[in-house]
Amino acid sequence: MSVQPAPRPRWRPPLGSWSMLFAAVILSLILAVIALVPLLPGYDPYQQDIFNSLLRPGSVVDGRIHWLGTDFLGRDLLSRIALAGRVTLLIGLSAVSLSLVVGVMLGLIAGYFRGPLENVIMGLADLQLSVPRILVVIAVTAVLGPNLVTLTVLLGLTSWVTYGRVARAMTLSLREREFVLSATTQGASSAWNIRRHILPNVLPQMLILGSYELGQIIVIEAALSYLGLGVQPPVPSWGRMISEGQDFLQIEPWLAILPGLAIFMLVAGTQFLSQRFTPEGMQDADLTALRKRR
Amino acid sequence: MLRYILRRVVQAALTVFGVVTAVFFLVQLSGDPSALLLPPDATPEDADRLRTSLGLDRPLPVQYIQFLGNALTGDFGNSFRQRTPALKLVLERLPATLELAFTAFALGLVLAFLASLVVRLTRSERLRTGLLWMAFSLQAIPTFFFGLLLILVFSVWLGWLPSLGRGTPQHLILPALTLATFELALYLRLLNSAFLQEMGQDYVRTAKAKGGSRVRVLVRHVLPNAMLPIVTIAGINLGVLLGGAIVTETVFSWPGVGRLVVQAVSQRDYPVVIACVFVISLVFVLLNLIVDLLYAVLDPRVRYA
Amino acid sequence: MSVPVLETRDLAVEFAGPEGPVRVVDKVSFTLDPGEVLGLVGESGSGKSVTLLAVMGLLPPTARIVSGEVRFLGQRIDTADETALQRLRGGDMAMIFQDPMTSLNPVLRIGTQIAEAIALHRPGLGRRAIAARVVELLGMVGVPDPEARSRQFPHEFSGGMRQRAMIAMAIANEPKLLIADEPTTALDVTIQAQVMEVLEEVRARTGSSMVLVTHDLGLVAETAQRIAVMYAGRIAELAPTEAIFERPAHPYTIGLLASLPSLDATGEMLASIPGQPPDMRQRPPGCAFHPRCHLGRDRTRCAGERPVLAALGDGRLAACHYAREAEAGAATAIPSGVGVAG
């Protein structure tokens with residue numbers, strides 16, 4: 001064939017470098033708030049002051065500046081946003097780690113050993129996908145009651161499917177590669193092969209996937225907390241702050257908007273950046289899921 | 001074709017079976033319901049009688065079979081709060097949820113297709129980048145927060161649309177738009193890459209060589225091919241859509257299954273929770289089945305596979 | 001003399017590359033007379049397909065015609081607007097592509113795709129008449145049970161059958177010009193001959209002129225009246241088929257002929273051209289072929305001066321400074337037995 005294929009532009013991040021800069025800026029900003037605000041004097045997410053509730057951003061009470069104002073109980077909004085961010089990150093990172101470990105393990109086992117085990121694991125994955133993730137969490141929360149540990153474990157256990165599927169697909173192709181075959185002929189055990197040859201090849205992809213999933217988990221956690229089924233008071237959470245702020249939408253919309261903005265900054269920041277490092281063909285976690293399905 | 005349908009139907013049935021089994025274990029986890037059902041002054045004999053009448057004294061496998069039978073006949077017991085069958089409560093709410101979900105689904109899909117076609121036809125790189133920016137940003141905003149922003153702008157500030165409840169078509173606009181936004185963002189991104197990929201295919205060149213105009217080549221040849229991945233994603237994504245509906249319904253006090261399940265959970269009304277989980281899963285599995293069959297109609301290569 | 005069906009003059013095409021434009025077709029001039037078949041031969045990347053995509057106005061967005069002109073029945077078409085080109089394409093000017101596996105739309109029925117080619121150029125024709133014509137066309141190209149087959153999808157057709165369907169689509173409006181871009185390359189060897197036969201038969205019946213692009217000299221030998229050999233984006237030699245085979249005047253043509261499997265060559269290693277075709281981003285100075293040429297490798301003129309396509313008489317043209325010398329040496333370089341079949 002002598003038609004030069006139209007020189008396809010080399011893959012670039014979908015939105016170019018400006019968006020990456022934007023993502024880096026908003027992510028650093030929100031992370032700075034989460035990390036540094038608790039070090040400031042006057043940080044107190046719990047102290048109520050009914051007489052100074054619903055204050056506007058920048059109000060000063062007894063020499064203490066409420067940079068973002070106060071909520072309906074007079075608590076400092078900036079302090080609460082920072083603490084809620086820590087809680088959210090803690091839940092998100094733990095849940096992602098848990099689901100990553102579970103997903104990679106099941107995916108490696110399914111892809112490496114094949115057989116009935118693979119069918120069981122993949123059947124489980126299909127079953128999992130046939131119920132909306134948030135519904136599973138809601139249903140189990142109904143039974144076990146809402147608390148931080150349950151929530152984290154649940155989010156982790158219901159999010160393994162993406163990793164599992166991709167890890168399995170990668171393992172399927174890796175196990176046929178020369179370096180694995182040659183190791184096998186030299187007497188390497190399955191455990192050795194998986195640890196030395198397959199895992200190191202699968203892991204970078206999984207971490208990228210994890211950084212994308214972190215955003216998804218944060219959104220789901222926020223939604224659950226908004227519904228009153230996630231993080232329980234008095235511990236602050238962005239989702240719950242929005243739900244509390246909804247009641248004051250007419251007089252003080254900032255109460256709901258600021259925590260929403262915090263979620264956006266954290267989620268958009270991590271997702272844009274994770275997109276940047278996702279290789280072509282896997283840019284869309286959804287498309288990846290599609291390929292594994294067909 | 002027939003074998004394909006058969007295989008998918010069996011698959012769907014197996015999934016429903018799996019869901020019911022999972023729900024059974026969930027019920028086991030929830031512990032002894034007699035404590036919740038009986039008045040505080042009930043005697044231990046009362047509790048035993050109730051357990052016997054509920055079949056809770058039988059061995060687990062028997063209870064499981066019984067539960068399967070009940071689930072098949074749609075009997076999930078009575079709501080703890082309202083003395084009516086749980087399934088009836090759920091089915092009463094189902095039309096509202098379906099109305100919201102379908103409107104949002106159609107809205108998101110149509111808007112995404114229109115936007116993508118316009119991008120392709122104008123070949124405007126600026127428009128394409130702008131839309132992608134929008135899509136990526138929208139996907140980072142939680143559904144409920146976006147709904148709240150819509151309420152703030154259109155109900156609180158402008159006063160154009162109602163923010164709560166169901167009834168008139170105006171009531172549907174904001175919740176549907178909220179739920180559609182996530183769809184829109186997803187499909188915009190997918191369509192963008194699907195179009196880019198399909199435009200480079202050889203059959204597109206053939207269509208041009210036949211003398212087709214740009215619009216014709218795009219609509220008649222590229223679009224049907226670009227739609228295929230979208231249909232599959234739409235199927236997978238129905239779960240997200242229904243999940244989003246649960247949250248959206250709460251934001252807008254939309255009287256659907258989602259709002260029901262959230263209320264039932266906070267009231268520990270297990271039969272209703274279980275019935276909700278069952279119905280939503282069933283709807284999801286059925287819709288997925290329909291989407292897959294639709295895919296087979298759209299893609300001749302699957303039909304005979 | 002009648003107006004040529006197709007004429008290109010000094011056609012040049014450039015692709016946008018990361019390090020500036022790359023010229024992949026340069027100063028290509030040829031004519032195609034009514035009813036004539038011209039073979040366009042060259043290795044991959046020699047610019048032969050790009051030349052014809054340029055003729056059809058189907059260059060990918062990254063490529064453009066930078067100079068020269070293309071005339072169809074005497075009219076400039078390189079400068080024509082898109083609407084005029086759309087009327088020509090598939091009507092008076094049709095193309096058959098290399099890979100029938102990917103060149104047909106997978107989600108549309110074969111009959112629908114052929115019907116589209118008809119309907120686009122005969123807007124007045126009714127559905128029934130179009131359907132009848134589709135069946136007639138499929139029958140013409142030797143698709144058995146054309147009525148039922150027209151309702152099938154591409155994946156239900158074998159490679160050979162798909163290419164027949166492509167041919168049916170191309171001849172649907174009895175084009176004056178057929179462009180066949182390696183029509184049999186993607187097919188099994190056993191199918192190739194059948195498809196070529198069908199192609200030549202329907203071409204003769206519709207009286208179309210044809211440009212047949214291939215890298216297989218043997219294939220054009222039987223079909224083409226004249227052959228143009230392309231190398232590195234330029235025409236190296238253009239001559240009547242018989243002359244190409246009997247008195248080749250360009251060392252590259254001689255090399256190509258020498259690498260043809262011959263009937264007499266019993267187990268002998270095939271002679272071939274040493275080296276690789278040049279990277280189009282770094283075209284050698286002078287004659288692009290000289291680094292691989294047995295005549296020009298050490299000559300300063302070949303390394304310094306670009307040869308132009310010059311007439312040698314009897315309608316033969318060659319772009320070589322030492323064409324006469326090449327011609328004289330050709331007899332020894334080519335194994336006997338290679339020639340025009342039939």
Side-chain angles (χ1 to χ4, degrees), chain B residues 1 3-4 113 119-128 191-192 194-232 291-305, chain C residues 49 52-53 55-62 82-110 112-123 151-156 162 165-166 169-170 172-173 175 178-179 181 186:
Chain B
M1 181 69 176
R3 270 184 51 194
Y4 175 75
F113 266 107
V119 167
R120 281 291 122 206
L121 287 176
T122 56
R123 285 193 275 201
S124 160
E125 198 52 30
R126 199 171 286 179
L127 186 63
R128 195 176 77 88
L191 271 173
N192 176 62
F195 267 119
L196 274 184
Q197 202 182 340
E198 292 299 329
M199 289 305 282
Q201 300 292 320
D202 285 348
Y203 71 80
V204 176
R205 203 175 51 185
T206 308
K208 285 184 195 159
K210 275 193 257 183
S213 64
R214 235 151 50 77
V215 178
R216 188 182 171 86
V217 170
L218 196 65
V219 174
R220 186 86 177 95
H221 291 271
V222 179
L223 192 62
N225 281 286
M227 249 169 69
L228 293 178
I230 307 303
V231 170
T232 311
V291 165
D292 274 9
L293 297 183
L294 184 69
Y295 190 93
V297 173
L298 290 176
D299 189 346
R301 284 164 296 189
V302 176
R303 240 178 271 175
Y304 301 86
Chain C
S49 290
L52 295 178
L53 287 176
V55 167
M56 293 284 290
L58 288 177
L59 285 174
T62 48
E82 188 58 26
T83 329
L85 276 174
Q86 276 166 21
R87 260 201 305 278
L88 279 180
R89 285 199 289 255
D92 282 340
M93 200 164 86
M95 190 156 179
I96 297 164
F97 293 100
Q98 180 182 43
D99 191 351
M101 302 292 170
T102 56
S103 293
L104 289 166
N105 192 331
V107 304
L108 298 180
R109 293 172 202 279
I110 295 282
T112 311
Q113 299 190 49
I114 299 174
E116 186 187 23
I118 303 168
L120 277 168
H121 297 278
R122 291 193 224 163
R151 284 190 296 273
Q152 291 187 325
F153 288 94
H155 70 274
E156 296 170 80
R162 284 187 220 192
M166 280 292 292
M169 200 184 296
N173 299 307
L178 251 182
I179 291 174
D181 185 3

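Note on naming: letters A, B, ... go to the chains in the order of the sequence lines (proteins, then strands), and numbering restarts at 1 for each one. For clarity, every value in this text was computed on a predicted model and none was experimentally measured.
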Could you have a look at [options] and say which one has the most heavy-atom pairs with chain B under 4.5 angstrom?
| options | result |
| --- | --- |
| Ala172(C), Gly90(C), Gly57(C) | Gly90(C) |
| Met56(C), Glu116(C), Gln113(C), Glu82(C) | Glu116(C) |
| Ala117(C), Ala170(C), Pro106(C) | Pro106(C) |

Main-chain N/O of Met169(C) paired to Lys210(B) side chain as donor or acceptor, under 3.5 Å: no
Any donor-acceptor pair under 3.5 Å linking the side chain of Thr206(B) with the backbone of Ser103(C)? yes
From [X] atom [atom1] to [Y] atom [atom2], the distance as rounded to the nearest 0.5 Å:
| X | Y | atom1 | atom2 | answer |
| --- | --- | --- | --- | --- |
| Phe97(C) | Asp202(B) | CZ | CG | 8.0 Å |
| Thr102(C) | Arg205(B) | OG1 | CZ | 7.5 Å |
| Arg89(C) | Ser213(B) | CZ | OG | 10.0 Å |

Locate the shortest heavy-atom distance separating Met95(C) from Ala209(B); write the atom from each residue and the value.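 Looks like CB-CB, 4.4 Å.
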Under 4.5 Å from any heavy atom of chain B, what part of [X] do you find: side chain, backbone, both or neither?
| X | result |
| --- | --- |
| Met101(C) | neither |
| Gln152(C) | neither |
| Leu104(C) | backbone |

Heavy-atom check, side chain of Arg220(B) versus side chain of Asn105(C), under 4.5 Å: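 They are not in side-chain contact.
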